[in-house]
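Small disclaimer: the values here were computed from a predicted structure and weren't measured.
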Amino acid sequence: MSHVALPLKYRPMTFADVVGQEHVVRTLRHAIESGRVANAYLFIGPRGIGKTTLSRIFAKALNCTSPKGVEPCGKCVNCREIAAGNSLDVVELDAASHNKVEDVKPLLEQCQFAPASSKYKIYIVDECHMLSNAASNAMLKTLEEPPPHLRFIFATTEGDKVLATIISRCQRFDLRRIQTHDIVARLKDVCAKEKVEATDDALLAIARGAEGGMRDALSSLDQLISFKGSKIEEADALGVFGLVSRSELESLAGAVLKGDVAAILEAIDDFDSAGRNMRRVSAELLAHFRNLAVLQALGPDAPSLAATPEQVKTLVEQAKGIDPGRVFRVCDQLAELEDSLKYSLGPRTLIELSLIRASRIATTATIEELMKAVRALKSSGAGSARAAVSAAPVAAPAPATARDSAKVNAEVLADPKVADVLAALPGAAVMGISERRRA
């Protein structure tokens, strides 16, 4: 029997099989249960997250002759024909290659006829943003006032290119990138069925490389199985896809937080010598600090934390020694690096310089810490202020208004004991204030 690619072999067949799109699945289920099926639906999202798959599942659920609640049975004639792509009543149009008004006109002529053997005649238009303006405009009247038996389902990766007149006639659903831990769980299930032994770190590397796309993750796993056989290690995934291991990435983030410039330069040199994708290193480092900021704000159980349990443990340890204001400033620096890398021919030097700046930011006092020290100075004297600054960072107070900042600056410049406070503060964030005071 010929080999079937993993993305096709393990493509979801029911709503329960869909991963990471609960908000869409729930709405579609309720629409079927309540009989409130709209004339047209529009699914928008990046590649490989289930737009076309959800369209087919929804079409099967609407036309299934023996559904299990709202789930298609997958065994009746309609379900089998839709899954095989040869149903007379469910027509798929690839708008990337059939985007002219001449391609759309036959469908609009046929839509007036009742379905052959199903409840609905359904048109699935994939990559609908590729339709020409003439083709899109030709569909407007039918979209707005379709026959009772007709339904449209549109799917696209670029929703901003779809005509506003089309969007206004559809129920729009924005599909999300699938969380890393959901992809890892799915890959574990597939490996168990395929009798493949893969370490957790190897699956995590595959999930990171997929960038939120389940199809890309399954394709990568299929490639690794062809490359290594039934046993897959983290080094195999890293070597094939040019990624950096989780431990190396976390060590680099730790060096930035500690201000260890030597460790940063050594790590970048190792990555470059090993042929790692340097732009990918920058993106993943930004994702790491983003997770760190989310954890400090919402805690380790936040649903928006895109990290595995092992990563969360490391994030908790790193969050103990850094002020949230500094983490935000590091994220800002890394975001600027991401933007600059788009136009750089030599990413290594740019990454090194940006990470050195980020390390200085991570060890530089913020204005919130300065305000805290000044308040401690006023209440307990310079000795207590110095002790407050040298203590472990605590949660930052609410951001100051312009009036508060001006008041604090005036107090700092007027107080004769402020030199002791400034000397106790780390970094150069207060250098400007110190120089103005001397002046």
Side-chain angles (χ1 to χ4, degrees), residues 253-261 264 285-286 288-302 304-305 312-336 354-439:
V256 171
L257 292 175
K258 296 175 184 176
D260 192 344
V261 175
I264 292 172
L285 195 61
L286 176 58
H288 178 87
F289 278 97
R290 176 261 177 195
N291 285 336
L292 188 60
V294 171
L295 183 139
Q296 288 182 316
L298 302 178
D301 299 325
S304 59
L305 195 63
V312 171
K313 293 179 181 178
T314 303
L315 290 170
V316 169
E317 289 299 319
Q318 291 182 346
K320 293 179 180 177
I322 185 70
D323 182 80
R326 302 189 191 188
V327 173
F328 179 80
R329 291 163 64 198
V330 170
C331 290
D332 198 29
Q333 175 65 37
L334 294 177
E336 290 182 10
S354 295
L355 291 186
I356 291 174
R357 291 193 191 99
S359 69
R360 292 179 177 176
I361 289 171
T363 54
T364 298
T366 64
I367 188 63
E368 287 82 7
E369 292 173 308
L370 174 60
M371 291 172 63
K372 177 185 174 184
V374 170
R375 283 193 290 266
L377 171 66
K378 291 180 63 178
S379 61
S380 304
S384 298
R386 189 183 294 108
V389 172
S390 60
V394 296
T401 63
R403 182 179 299 175
D404 292 336
S405 299
K407 182 179 180 182
V408 169
N409 287 341
E411 292 176 350
V412 170
L413 295 173
D415 200 314
K417 300 179 181 178
V418 74
D420 292 334
V421 179
L422 296 176
L425 285 171
V430 297
M431 187 177 297
I433 295 177
S434 179
E435 291 174 351
R436 286 196 300 272
R437 180 182 179 278
R438 286 198 297 269

I'd like to check the side chain to side chain contact (heavy atoms under 4.5 Å, CB included) partners of [X]; sequence neighbours left out, ordered by chain and number.
{"X": "Glu336", "value": "Asp332, Gln333"}
{"X": "Asp260", "value": "Ala255, Ala262, Ala263"}
{"X": "Val316", "value": "Leu295, Pro300, Val312, Lys320"}

Between [X] and [Y], which heavy-atom pair has the shortest distance, and what is it?
{"X": "Val327", "Y": "Phe289", "answer": "CG1-O, 3.9 Å"}
{"X": "Ala362", "Y": "Val256", "answer": "CB-O, 3.4 Å"}
{"X": "Gly259", "Y": "Ser359", "answer": "CA-CB, 3.7 Å"}

Value rounded to 0.5 Å, distance of OG1 in Thr363 from CG in Asp323: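 Rounded to the nearest 0.5 Å, the OG1-CG separation comes out at 12.5 Å.
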
Kindly determine whether Val330 and Leu292 satisfy side-chain contact (heavy atoms from CB on, under 4.5 Å), including the steps that lead there. CA-CA 11 Å; Val330 170; Leu292 188 60; over 6 Å; no

I'd like to check the side chain to side chain donor-acceptor pair (under 3.5 Å) partners of Thr314; sequence neighbours left out, ordered by chain and number.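 Side chain to side chain donor-acceptor pair (under 3.5 Å) check on Thr314 returns Glu250.
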
Just jot down the side chain to side chain donor-acceptor pair (under 3.5 Å) partners of Gln318, sequence neighbours excluded, or say none.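 So Gln318 forms a side chain to side chain donor-acceptor pair (under 3.5 Å) with His288.
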
Note, Leu355 side chain near Leu334 side chain (heavy atom, < 4.5 Å):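 Side-chain contact under 4.5 Å: yes.
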
Chi angles and distances behind the side-chain contact (heavy atoms from CB on, under 4.5 Å) call for Ile361, Phe328: CA-CA 10 Å; Ile361 289 171; Phe328 179 80; over 6 Å; no

More than 12 heavy atoms of other groups within 6.0 Å of Arg290 CZ: yes

